[in-house]
Amino acid sequence: MLVAVDGTVLLMAQPSLRRGLGASLAEVQWTSTAYLLAVAAFLVVAGRLGDRYGHARLLFTGVLGFAAASAGIALAPGVSWVIALRAAQGLFGALLQPATLAMLRLAYPPGRLGGPVAVRTAAIGVAAAAGPLLGGLLVERFGWRAVFVANVPAALLIAAATAFVRLPAPPRTGPGRIPAAGAALLVAALAVFVHALAGVPEHGWAGPGTLAGFAGAVVLGALLVRSERRSAQPLVPRAVARSVPVTSSMALLALVSAAMFGALFGASFALQDAAGQSPLATALRVLPMTAAMVVGSPVAGAALRRFGARGTALAGTALVVTGILGLDPGWGFGVLGAGFAAVMVTATGTVVGDAPAGYAGVVGGLKQTAMNVGPAFGIAVAAGTGAAGPGAAGPGASAAALAALAGVGLLPASRLPGGGRGPVLGRARGRAAGDRLVGEGAGEGGGPPERPTRHAEAEGSGSTGRRVSPARPRRRGVER
């Protein structure tokens, strides 16, 4: 919730920050991009560290660092300091984000994860949706620095609560060594890609700097894939990389979050700079999105049980597309919020349900990576199409591009498990990727063998409970 509020609160504060510090549009964009770059680059590594050394410990360290960086931003004398401290804030944010999903995976058996995941998703949705209203109130009364001061007591409260959390130790996943080559290549590829996105408003999509950045990211990505294939203990375990539900959920989250955050970025500047509305008035315009996300999360949970992950994700993505196209007239915020809630609940439930316990941290890191790279891309699309530039007429200036971006999410949504019988988490785990996750998890260098009883319970919770992993023989006394 802390990270979700921080991201959407900043959207309301950026116009005021730009005026207060005399910053350029590119510098203001970097106050978001520096954070997203640091988070995205280190999330998977942080997830692996949590799997090895304990997620509660990583969460405690992360929230304390997040609080310290927030306090520094509130006192920053110039925009350069803000950008640097936002990068530090992102590094600590990378430590704390994967921990919440992983702690749920350790605390609850797979068959009982549905309720906790729904509560977590609803809480994040409420926090993210309430961020614009909170940001508008704080900026209106106290200025942009107040949005960072508010992070400090919230983070300290979370740290105090984390100190009393007791969880089972995560299964050991091998020697515990983080693959240095894979980690370095992942960090470099994401950094180059996000840096290229940040330069789009200045250089354009076809500028030499932009094209060189994208080409560099592709080369580094290819080297990463090669390194992962050759490694006996890859950064992203093969059982996870080959899971169609997990990879489809990641792609869906990246595309839809890109479209939503890009639309909010453009709408914030259009309403405040072009239309002359105050931060509070802008937040009130976004209020229907808050209500829709609050109501939409439990509705999405019911839709999952009735229609399955595929149908719910397709409907949610279609609502996001419709909502973005309706932002300029003003009626689209509620539709956008309802659609995003449906996508979040569906994709998060699928990811958690497909994650073996020993891989909970790395899967949580991958999920959060998608949720952080996506907004960086969406903001670049919005800024690069003139949504926040001089003379911008409103979010309609970039609505077509962002709606098309969200529309691409229909492709990965169609790859999610279908059908509506049985708990969605059990179904996601028991589908095509389920056998690979169970069977290959024991054979990889980084894969923890789990007790057959746990897998039997996990597969038995869905409609495909009759499956037996070909890589793990039956054992006497364990019913499949």
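The figures that follow rest on heavy atoms only: side chains count, while hydrogens, waters and symmetry mates do not. As the structure is a computational prediction, the values presented were derived from the model and not from experiment. Numbering of residues begins at 1 and proceeds along the displayed sequence.
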Does T247 use its side chain to pair, donor to acceptor, with the backbone of V244 at less than 3.5 Å? yes
What pair of heavy atoms forms the shortest contact from A23 to V79, and how long is it? CB-CG2, 3.9 Å
With sequence neighbours left out, what residues match T31 under side chain to side chain donor-acceptor pair (under 3.5 Å)? Q14
d(L211 CG, W205 CH2) to nearest 0.5 Å is 11.0 Å
Could you state the interatomic distance from OG (S70) to CZ (R86), rounded to the nearest 0.5 Å? 8.0 Å
Is it the case that the side chain of S257 and the backbone of A254 share a donor-acceptor pair, with hydrogens and angles ignored and the cut-off at 3.5 Å? yes
For the residue pair A406 and V321, what are the closest heavy atoms and their distance? CB-CG2, 3.7 Å
Going by heavy atoms in the side chains, are F265 and V381 under 4.5 Å from each other? no
Roughly how far, to the nearest 0.5 Å, is CG of L402 from CG of L255? 12.0 Å
What pair of heavy atoms forms the shortest contact from V343 to A313, and how long is it? CG2-O, 4.3 Å
So which heavy atom on T317 is nearest to which on G409, and how close? CG2-C, 4.0 Å
Interatomic spacing from CZ in R310 to OG1 in T350 - rounded to 0.5 Å: 11.0 Å
Do the rings of F377 and F193 sit parallel, tilted or perpendicular, given the 30° and 60° boundaries? parallel
Tightest non-hydrogen contact, residues A76 and W81, listed as CB-CB, 3.7 Å
Non-neighbouring partners of S80 that pass side-chain contact (heavy atoms from CB on, under 4.5 Å), sequence neighbours left out: none
What I'd like to find out is whether the side chain of L21 reaches to under 4.5 Å of the side chain of W144, using heavy atoms alone. yes
Between V373 and L190, what is the shortest heavy-atom contact and its length? CG2-CD2, 3.8 Å
How many angstroms lie between atom CZ of F333 and atom CD1 of I324, to the nearest 0.5 angstrom? 11.0 Å
Do R415 and L411 have side chains that get closer than 4.5 Å, going by heavy atoms? no
Do the side chains of L156 and L64 get nearer than 4.5 Å, heavy atoms only? yes
Please round to the nearest 0.5 Å and tell me the distance separating atom CZ of F66 and atom CG of L59. 12.0 Å
Quick one: do L17 and R145 satisfy side chain to side chain contact (heavy atoms under 4.5 Å, CB included)? Show the steps, please. CA-CA 8 Å; L17 182 151; R145 297 178 188 272; over 6 Å; no
Would M260 and L264 count as a side chain to side chain contact (heavy atoms under 4.5 Å, CB included) here? Give the steps. CA-CA 6 Å; M260 189 188 84; L264 290 177; 4.3 Å; yes
